[in-house]
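All figures in this text were calculated on a predicted structure; none of them were measured in a lab.
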Amino acid sequence: MLLHCAGPLQSWGHHSHFNQRDTAAFPTRSGILGLLAAALGRGREEPVDDLAQLGTTIRVDRPGVLLRDLHTVGGGLPAADTVTTAQGKKRSGDTTTLLSHRYYLADAAFTVTVTSASQTPLLLECAQALRAPRWPLYLGRRACPPTGPLFLGLADDALHHLVRLPIAAQAPRAGTAARTVEFLSDSPLDRLPLPDDAHGSDPAEAAHPSTSLNDQPVTYHPSRRTYRARPLYRRTITPPARQWAGLGTDYLQALDDYKRRHFDTHEAGRP
């Protein structure tokens, strides 16, 4: 399954804690799988074991710009309505107003594959849910709705299309150095099916994780939300110049042309 995560703002919490709400530099596994759970209409207390078995690979079309937003919470309210402390008491005096720093990615765009070798029925169910989601979809935080199209289609070899789909970014200027695109995955990227005119970083390095992230969801239950660590693989690709599709309608037109050539737009959208 192929997705395109783009919007004015995105925020994929990684180390968020109390009044410091950070964002990862790319969509987390917990964020992507949570988006699918919302489309399916699953409550936070429902199990996500089947979704947690899906694989994810991300192409960074535009990394975006890090934006910090300052929020104030609880100021100007009657004492009984102020923010409750960890001890269950109410704040008083100058402590009634809390400052919260929230970070976002502004103007970022990512193309994502969600794959499985054994759960095709689940992918078909997710694809149908993304066309008519049960609950509103957002890019990490409720204040971050996606711009369309979010769902791009289903493919028998999604990674083949991930490295060939138009890139939602301006092409490098003539005379400047070739621009690279980063791929991130929970699986090795040494066998990424590159086009003949694309150049990739050393596949031997992409066969080993560069680090680990604590973003594999175990449960989204509000009172006992739990994640575990998973490996993160990286690889850098230099795509051909023709793949840079620009922004706005230029990108949408290039995407539509690609889908018409390679995808069957009827029924499940399979190529």
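Cluster annotation: Tyr138 and Leu51 are assigned to distinct hydrophobic clusters (Ile/Leu/Val/Met/Phe/Trp/Tyr, side-chain heavy-atom contacts under 4.5 Å, transitive). Leu105 and Leu247 are members of different hydrophobic clusters when ILVMFWY side chains are connected at heavy-atom separations under 4.5 Å. Linking Ile, Leu, Val, Met, Phe, Trp and Tyr residues whenever their side-chain heavy atoms come within less than 4.5 Å places Val114 and Leu213 in a single cluster. Taking hydrophobic clusters as Ile, Leu, Val, Met, Phe, Trp and Tyr residues chained together by side-chain heavy-atom distances below 4.5 Å, Leu124 shares a cluster with Phe151. Under the 4.5 Å side-chain heavy-atom criterion for grouping Ile, Leu, Val, Met, Phe, Trp and Tyr, Leu137 is not connected to Tyr104 through any hydrophobic cluster.
We find the CG-CG distance between Leu40 and Asp50 to be 8.5 Å, quoted to the nearest 0.5 Å. Here His160 contributes atom NE2 and Leu165 contributes atom CG; the two are 9.5 Å apart, rounded to the nearest 0.5 Å. Rounding to the nearest 0.5 Å gives a distance of 11.0 Å between OG1 of Thr115 and CD of Gln119. If you take CG on Asp22 and OG on Ser11, they are separated by 7.5 Å, rounding to the nearest 0.5 Å. Between atom CD of residue Gln10 and atom SG of residue Cys5 there is a gap of 6.5 Å, rounded to the nearest 0.5 Å. To the nearest 0.5 Å, atoms CD (Gln243) and CD1 (Ile167) are separated by 4.0 Å.
Note: His161 and Tyr258 have perpendicular aromatic rings, judged against thresholds of 30 and 60 degrees for the angle between ring planes.
Judged purely by atom type and a 3.5 angstrom limit, Tyr233 has no side-chain atom pairing as donor or acceptor with the backbone of Phe183. Side-chain atoms of Asp107 do not come within 3.5 Å of backbone N or O of Gly64 as any donor-acceptor pair. Under a 3.5 Å cut-off, the side chain of Ser210 and the backbone N or O of Leu232 do form a donor-acceptor pair. With Arg59 contributing its side chain and Leu162 its backbone, the two residues share a donor-acceptor pair below 3.5 Å. Side-chain N or O atoms of Arg134 include none that pairs as donor or acceptor with a backbone N or O of Arg42 at under 3.5 Å. At least one donor-acceptor pair closer than 3.5 Å links the side chain of Thr147 to the backbone N or O of Ala6. Arg235 contributes a side-chain N or O that, together with a main-chain N or O of Leu189, makes up a donor-acceptor pair within less than 3.5 Å. Using a distance-only test at 3.5 Å, with no hydrogens or angles considered, no donor-acceptor pair links the side chain of Thr236 to the main chain of Ser201.
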Discussion item. Let's go through Leu3 and Leu130 carefully: what are the C-alpha distance in whole Å and the side-chain angles of both, what is the deciding distance for side chain to side chain contact (heavy atoms under 4.5 Å, CB included) to 0.1 Å, and is it a yes or a no?
Written reply: CA-CA 10 Å; Leu3 311 176; Leu130 288 170; 3.5 Å; yes
Item to complete: Would you sort out whether Asp61 and His4 count as a side chain to side chain contact (heavy atoms under 4.5 Å, CB included), showing the intermediate values?
Response: CA-CA 10 Å; Asp61 289 20; His4 185 67; 3.9 Å; yes
Fill in: Trace of the side chain to side chain contact (heavy atoms under 4.5 Å, CB included) decision for Leu36 with Val48
CA-CA 10 Å; Leu36 297 179; Val48 291; over 6 Å; no
Item to complete: Show your reasoning for whether side chain to side chain contact (heavy atoms under 4.5 Å, CB included) applies to Ser30 and Trp12.
Response: CA-CA 9 Å; Ser30 58; Trp12 308 95; over 6 Å; no
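Minimum heavy-atom separation, Tyr227 to Arg225: OH-CD, 2.8 Å. Between Leu2 and Ala158, the shortest heavy-atom contact is CD2-O, 3.8 Å. Among all heavy-atom pairs drawn from Pro222 and Arg44, the shortest one is CD-CB, 3.9 Å. The nearest pair of heavy atoms linking Thr28 to Ala24 is CG2-CB, 3.9 Å. Heavy atoms only, all atoms of each residue included: Ala52 and Arg29 are closest at O-NH2, 2.9 Å. In terms of heavy-atom proximity, Ala109 sits nearest to Ala168 at CB-CB, 4.4 Å.
For the salt bridge (Lys or Arg N to Asp or Glu O under 4.0 Å) condition, the pairs that include at least one residue of residues 197-214, sequence neighbours left out, are Asp197-Arg242. For residues 165-184, the set of pairs meeting the side-chain hydrogen bond (donor to acceptor under 3.5 Å, both in side chains) definition, not counting sequence neighbours, comprises Glu182-Arg234.
Defined by atom type and a distance below 3.5 Å, a donor-acceptor pair is missing between the side-chain atoms of Arg224 and Thr226. With hydrogens and angles left out, the side-chain atoms of Thr56 and Asp186 include a donor and acceptor closer than 3.5 Å. Judged by distance alone, the side chains of Asp257 and Gln253 do bring a donor and an acceptor atom under 3.5 Å apart.
Using a cutoff of 4.0 Å between basic side-chain nitrogens and carboxylate oxygens, Arg260 and Asp256 are scored as salt-bridged.
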